[in-house]
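Working notes for the structure below.
This chain uses plain numbering: 1 for the first residue, then up along the sequence. Whatever order the structure lists ligands and atoms in, that order sets their numbers, starting from 1.
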Amino acid sequence: MSAIARASPAVLLRHTLLWASRRRRVQRLITAAPVARSLVRRFVAGEAIDDAVSVTRALRSQGLTITLDHLGEDIHDAGAARTAVDVYTALVRRLDGEGLTDRAEVSVKLSAVGQALDEQMAIGNAAEICAAARAAHTTVTIDMEDHTTTDATLHAVVALRASFPETGAVLQASLHRTEADCTALARSGSRVRLCKGAYQEPPSMAFLLRDEVRSSFLRCLRILITGNSYPMVATHDPLLIRAAAELFGALSTPGAGHEYQMLYGIRPDEQLRLARGGEMVRVYVPFGDQWYSYLMRRLAERPSNLALVLRALRTRS
Ligand code: FDA
């Protein structure tokens, strides 16, 4: 029997939602549903730079730090990639002008700046964003997408770090390869966001069971800490947050630093609890009108959220 055939209903639902995240017809249905708007508001700051800036200001006033993501991925024309670069450069200038870059950086998906079209063009576009970010006194983290892009994305991070060593990388604990990738990136000053991984991956490449992913996460974190890098623990999982605190207490070199990261709209009380306890907490805040794939991944992480999707669809019919 295949791994999928043996999977629990929750796992099947997750696969279905991730499958739907890549289907244009389902996208048209969901994005046209009136209730989708209120669902989107829970996870997305709004469509415009103004919305991103006002959410940034509000989170900052609560003692949180921020990474802003302009929504849009899997771009297949150079014009759309150019637009993404322009939005990011305008955004970092605006953040700087408003005095927010002490607490806010940006996250960039290489597929939004043309990775599927031309890898060198995407690296050049990302470098332009890194240069604008540095001029605005802030940094860029390069998001990680599905396993078909891992090698190209890590290659791009190495290329970007040659001129912009402050560039953050992202590694996904669900992939079998990630311990080796952590070893390669673990060195002083290396900013590495460690997350579970949000994409549908084949069983030959990835751990499928929750506990396997958690164990991998902690093995990877241990490598990042002992390698003196700057780990960015991106999870809402209470078990991992507790275990990470223990690992930092036991293994961190003084001054190496670390931070916790969570998504906008998910466990906001926990974000504040950690920040009030003296931890650096960064909230990943997406904005823009291309929210469909992002929203579907958030729904897939919590299949009970499917009720919200079904309600959205019923309202339309
Ligand atoms: P898990 O999914 O087990 O959630 C733990 C608990 O958190 C749940 O029980 C629930 O209480 C709450 N929760 C989590 N997700 C929720 C949701 N959608 N709705 C409501 N409650 C929810 N992935 C990737 O592949 N590439 C990337 O670049 C990034 N970047 C990134 C940045 C940041 C800051 C974060 C926090 C996450 C990412 N991710 C990511 C996503 C990540 O890989 C993963 O899919 C999600 O964080 C969910 O996994 P958790 O570790 O939170 O655990």
Side-chain angles (χ1 to χ4, degrees), residues 10-11 13-14 17-18 21 39-44 59 64-69 71 73 104-112 115 140-150 153-154 156-157 167-175 177-178 181 191-201 205-218 220-221 231-244 258-271 274 280-286 291 293-309:
V11 170
L13 201 49
R14 176 168 188 269
L17 286 164
L18 290 175
S21 74
L39 258 180
V40 170
R41 265 199 298 276
R42 175 172 167 199
F43 297 112
V44 174
L59 292 170
L64 298 163
T65 58
I66 298 97
T67 186
L68 285 159
D69 164 45
L71 291 166
E73 51 198 84
E105 64 142 31
V106 294
S107 286
V108 175
K109 283 187 175 50
L110 289 180
S111 76
Q115 190 182 43
V140 175
T141 294
I142 303 296
D143 283 350
M144 188 58 83
E145 301 179 66
D146 72 41
H147 78 275
T148 61
T149 63
T150 311
T153 302
L154 291 177
V157 167
T167 305
V170 178
L171 295 174
Q172 298 154 319
S174 60
L175 296 183
R177 61 176 286 164
T178 298
D181 291 331
R191 297 169 64 240
V192 183
R193 177 193 300 157
L194 182 63
C195 62
K196 287 182 180 173
Y199 296 84
Q200 186 169 18
E201 305 291 12
M205 312 280 304
F207 301 110
L208 296 183
L209 299 177
R210 185 186 174 93
D211 284 344
E212 284 179 339
V213 177
R214 279 176 166 159
S215 302
S216 167
F217 194 110
L218 294 176
C220 290
L221 182 56
M232 306 189 274
V233 174
T235 182
H236 315 91
D237 187 336
L239 185 145
L240 287 181
I241 292 169
R242 272 197 305 276
H258 64 264
E259 66 187 53
Y260 293 89
Q261 297 193 342
M262 295 191 205
L263 301 175
Y264 179 63
I266 300 182
R267 302 201 69 205
D269 293 347
E270 178 67 358
Q271 296 170 14
L274 286 166
M280 169 87 101
V281 180
R282 192 175 299 279
V283 185
Y284 183 104
V285 179
W291 45 260
S293 299
Y294 181 85
L295 179 71
M296 293 305 276
R297 288 198 293 276
R298 301 297 72 85
L299 296 177
E301 282 153 9
R302 216 181 187 197
S304 61
N305 284 340
L306 184 64
L308 303 173
V309 178

For this session: For ligand 1, find out whether one of its N or O atoms is nearer than 3.5 Å to an N or O atom of Val170.
Result: no
For this session: Indicate yes or no: at least one non-hydrogen side-chain atom of Leu154 is less than 4.5 angstrom from one of Arg177.
Result: yes
Problem set entry | ligand 1 to Ala234 polar contact by distance, N or O atoms, under 3.5 Å | no
Exercise. With a 3.5 Å cut-off and no angle check, do the side chains of Gln115 and Thr153 form a donor-acceptor pair?
Worked result: yes
For this session: Only heavy atoms count here, so choose which of Ala169, Cys195, Pro238 is nearest to atom 23 (N) of ligand 1.
Result: Cys195
Seminar exercise, completed: Residues Ala244 and Val233: closest non-hydrogen pair is CB-CG1, 4.3 Å
Problem set entry | Nearest option to atom 11 (O) of ligand 1, as decided by whichever heavy atom of Glu259, Arg282, Arg302, Lys109 sits closest | Arg302
Exercise. Between Leu263, Val213, Thr67, which one has a non-hydrogen atom sitting closest to atom 35 (C) of ligand 1?
Worked result: Leu263
Seminar exercise, completed: Short version for Glu145: what comes under 4.0 Å of ligand 1, heavy atoms counted, is neither
Problem set entry | From Lys196, Arg298, Arg42 - option closest to atom 3 (O) of ligand 1 by heavy atom | Lys196
For this session: Just let me know how Gln172 lines up against ligand 1, side chain, backbone, both or neither, with a heavy-atom cut-off below 4.0 Å.
Result: side chain
Exercise. Within the structure, does Ile266 bring an N/O atom to less than 3.5 angstrom of an N/O atom in ligand 1?
Worked result: no
Problem set entry | Part of Arg193 with heavy atoms under 4.0 Å of ligand 1, whether side chain, backbone, both or neither | side chain
Exercise. Where is the tightest heavy-atom contact between Lys109 and Tyr199, given as atom of each residue plus distance?
Worked result: CE-OH, 3.8 Å
For this session: Using side chain to side chain donor-acceptor pair (under 3.5 Å) as the criterion, list what pairs up with Glu270, not counting sequence neighbours.
Result: Arg273
Seminar exercise, completed: For Val213 and Ala173, the nearest pair of non-hydrogen atoms, with its separation, is O-CB, 4.0 Å
Seminar exercise, completed: side chain to side chain donor-acceptor pair (under 3.5 Å) filter on Glu145, not counting sequence neighbours, yields Ser111
Seminar exercise, completed: Candidates Gln261, His236, His147; heavy atom nearest atom 52 (O) of ligand 1 found on His236
